[in-house]
Amino acid sequence: MTEQTTGRVWIGLDLGTQSARALAVADDGTPIAAAARPLRSHRDGVRHEQDPAQWWPALADALSEVTGRLDDPGAVGGVALCATSGTVLLTGPDGTPRTPALMYDDTRAGDLTQEAQDAGAALWERLAYRMQPAWALPKLLWWRDEGLLRDGARLAHQADLVTARLVGRPVPADSSHALKTGYDLLDERWPDDVLDRLHVDPAVLPPVVRAGSVLGEIGDAAAQETGLPAGTPVVAGMTDSCAAQLGAGALSPGEWNTVLGTTLALKGVSRTLLHDPTGALYSHRAPYGDFWLPGGASGTGAGVLTAVLPGADLPALTEGASRISARPGDVPLCYPLAVEGERFPFVAPQARAFLVGDDGDGPLERGRVDDATLFAAICHGTAHLERLCFDLLHLTGADVDGPVSLTGGGARNPWWNQLRCDVLGVPVRVPADAEGALGMAVLAAGAADGDVPGAAKRLVRLDRTLDPDPRRGAALAEDHAAFVDALQRRGWLDPTLAEHARTRATNPDTPAPNAATEEN
């Protein structure tokens with residue numbers, strides 16, 4: 001981080017699973033100060049909870065450290081917050097939490113997904129998605145069945161609780177965090193008819209504004225706790241994957257960002273609302289223009305490495321994997337699923353990780369092959385799953401010619417980045433500092449200027465670019481077709497998507513189906 005320069009300063013906040021982070025950047029994108037505080041959560045089977053009482057103290061403490069390192073806190077022009085998508089809790093009318101937060105991947109309400117889907121089937125089809133087990137609306141129905149939607153109970157998204165503390169009073173939710181609760185992004189309202197069929201009082205839900213709107217200003221209490229000047233604008237934020245997209249600067253149609261962290265999340269920009277017949281894809285509304293941000297999140301990701309190769313020397317494994325990967329046929333076929341069930345680029349609750357080793361088809365576990373080979377297999381499998389995401393997008397008519405920005409912890413591995421670039425077959429960009437907190441600084445700056453893409457051009461810095469190696473293209477295309485075949489044989493992959501993916505592997509110039517028509 002550097003000393004503060006003259007001019008405006010923007011602060012982005014990121015409330016994640018494991019930490020609360022604050023970042024201050026100058027108006028030219030120069031990082032000034034950053035701080036993070038740990039968060040704890042509890043998992044029990046399909047349940048994943050977090051105590052919401054820890055969010056504000058952690059974030060306020062991180063913010064206080066950041067503002068304490070600013071030469072002039074009065075230069076802060078705005079602040080915005082991202083949080084995990086689909087994480088919700090119940091509060092009382094005054095905003096006091098009544099329940100633990102049910103986290104983004106908590107599927108205790110999975111049996112109620114079909115009820116939520118059936119009640120709003122026509123609307124969900126118009127919005128181009130299907131309800132999924134970890135989404136917030138089924139969780140609301142679970143609370144309904146537990147008898148908790150009484151005595152003035154209110155649903156709050158993770159971000160809502162913190163923005164209310166920043167402003168000093170209840171504030172609207174943003175449309176990005178509200179998506180998985182069933183908010184109608186086209187008519188911009190809660191669907192009262194759907195809620196009526198679900199026996200849910202609309203009063204349980206918060207008012208909603210578009211992401212990028214000004215929610216209010218920093219109140220006196222928050223100013224004392226955080227060091228932010230009272231009166232600083234608080235901007236309605238977006239979910240974590242959308243924030244990462246803003247932080248990567250992928251804001252023009254045809255540009256995409258993939259975040260390879262514990263899991264793999266993908267977001268891009270489209271002029272139209274893309275319709276995916278498999279139900280895996282869904283789209284946020286962009287906080288600028290009349291654009292859509294399609295994408296999704298897979299159960300695949302770098303978290304598999306921690307689970308399967310705990311304590312491993314990753315630099316040494318990378319060196320070994322690069323040698324193995326250079327020999328065609330030496331990398332075993334692998335589907336590195338971190339959790340049970342897949343949600344993107346296909347929906348298959350029964351999906352399981354697998355590795356095809358020398359002893360045949362079996363589970364993904366240490367000991368079946370040597371560690372370097374296992375590492376190479378996981379990296380290759382993740383790259384092929386990422387390519388399958390783009391196969392799905394191409395099938396819907398999206399522009400996937402790139403460039404693609406690679407962010408997240410996995411993007412710190414140069415060899416893996418080049419492998420992903422070669423599998424995708426398009427140019428790749430690696431931003432210098434892309435993260436959710438930076439994306440929220442971009443949104444805060446864009447809200448002030450009325451130009452989010454312009455703010456991204458100033459604040460997002462590029463570290464390097466990569467081009468695909470055409471010499472590896474044919475071998476990797478064959479591997480991709482084999483990967484697709486293995487998923488289809490198990491009954492997880494839609495046949496139309498599988499055939500389209502195989503066709504693109506053998507003929508990269510396969511024309512995209514007709515682009516979807518714009519929804520109004």
Side-chain angles (χ1 to χ4, degrees), residues 15 17 39-56 83-121 123-124 127 129-165 170-185 189-208 239 282 341 343 349:
L15 195 58
T17 306
L39 297 174
R40 302 174 307 278
S41 60
H42 175 70
R43 294 182 184 271
D44 181 11
V46 299
R47 299 188 176 207
H48 183 195
E49 296 182 353
Q50 205 165 62
D51 180 4
Q54 65 182 310
W55 295 340
W56 173 250
T84 53
S85 177
T87 296
V88 288
L89 69 149
L90 290 183
T91 74
D94 63 351
T96 302
R98 286 185 177 179
T99 68
L102 308 190
M103 297 297 287
Y104 63 96
D105 57 352
D106 186 305
T107 57
R108 71 182 67 187
D111 291 344
L112 297 166
T113 307
Q114 193 61 49
E115 181 183 356
Q117 173 62 31
D118 292 344
L123 175 59
W124 314 146
L127 292 170
Y129 62 67
R130 290 182 59 86
M131 279 289 147
Q132 298 186 25
W135 283 23
L137 185 55
K139 293 169 184 172
L140 180 61
L141 302 186
W142 186 82
W143 281 318
R144 177 203 64 188
D145 291 352
E146 292 291 305
L148 297 180
L149 301 186
R150 53 182 172 78
D151 301 328
R154 301 285 189 272
L155 178 140
H157 307 90
Q158 186 179 26
D160 303 346
L161 206 66
V162 176
T163 51
R165 291 296 296 266
V171 294
D174 66 80
S175 55
S176 179
H177 286 97
L179 182 154
K180 292 184 178 179
T181 318
Y183 184 71
D184 185 341
L185 292 175
R189 63 178 182 85
W190 291 112
D192 290 348
D193 54 339
V194 176
L195 296 172
D196 183 61
R197 286 191 286 273
L198 293 171
H199 307 291
V200 171
D201 185 349
V204 169
L205 296 166
V208 179
T239 60
Y282 62 94
R343 49 192 173 143

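Although no hydrogens or angles enter the test, the distance criterion places no donor-acceptor pair under 3.5 Å between the side chain of Q54 and the main chain of L39. Side chain of K139 to main chain of V88: no donor-acceptor pair is present (N/O by atom type, distance under 3.5 Å, no hydrogens or angles). Side-chain atoms of T96 never come within 3.5 Å of backbone atoms of G92 as a donor-acceptor pair (strictly under, hydrogens ignored). Within the 3.5 Å criterion, the main-chain N or O of P206 finds a donor-acceptor partner in the side chain of W190.
Remark: D105 engages R43, H48 in a side chain to side chain donor-acceptor pair (under 3.5 Å) (not counting sequence neighbours). With sequence neighbours left out, S85 forms a side chain to side chain donor-acceptor pair (under 3.5 Å) with K180. With sequence neighbours left out, the ring pair (Phe, Tyr, Trp, His ring centres under 6.0 Å) criterion links W56 to no other residue. Partners of Q50 by side chain to side chain donor-acceptor pair (under 3.5 Å), not counting sequence neighbours, listed by chain and number: W55. Among residues two or more places apart in sequence or in another chain, the side chain to side chain donor-acceptor pair (under 3.5 Å) test is passed with D44 by none.
R108 has a carboxylate O that lies under 4.0 Å from a charged side-chain N of E49, or vice versa, which qualifies the two as a salt bridge.
For the pair T99 and L148, the minimum side-chain heavy-atom distance is below 4.5 Å. For the pair L141 and E115, the minimum side-chain heavy-atom distance is below 4.5 Å. Annotation: side chain of R144 is in contact with side chain of L112 (closest heavy-atom distance under 4.5 Å). No side-chain heavy atom of T84 sits under 4.5 Å from any side-chain heavy atom of L15. No side-chain heavy atom of L102 sits less than 4.5 Å from a side-chain heavy atom of T87.
Contact between A83 and H177 at its shortest, heavy atoms only, is N-NE2, 3.2 Å. The minimum heavy-atom distance between A164 and P170, with the atom names listed, is CB-CA, 4.2 Å. Considering every non-hydrogen atom in both A136 and G86, the closest pair reads CB-O, 4.2 Å. Summarising the geometry of A203 relative to R154, their closest heavy-atom pair is O-CD, 3.3 Å, with the distance given to 0.1 Å. Minimum interatomic distance between P138 and P133 (heavy atoms only, all atoms of both residues): CB-O, 4.4 Å.
Note that the CG atom of D201 and the CG atom of L149 stand 9.0 Å from one another [nearest 0.5 Å].
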Report the C-alpha separation of L89 and T91 in whole Å, then their side-chain angles, then the decisive distance to 0.1 Å, and conclude whether the side-chain contact (heavy atoms from CB on, under 4.5 Å) test is met. CA-CA 7 Å; L89 69 149; T91 74; 3.9 Å; yes
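Applying the ring pair (Phe, Tyr, Trp, His ring centres under 6.0 Å) definition to pairs two or more places apart or across chains, those involving residues 131-165 are Y129-W135, W135-Y282.
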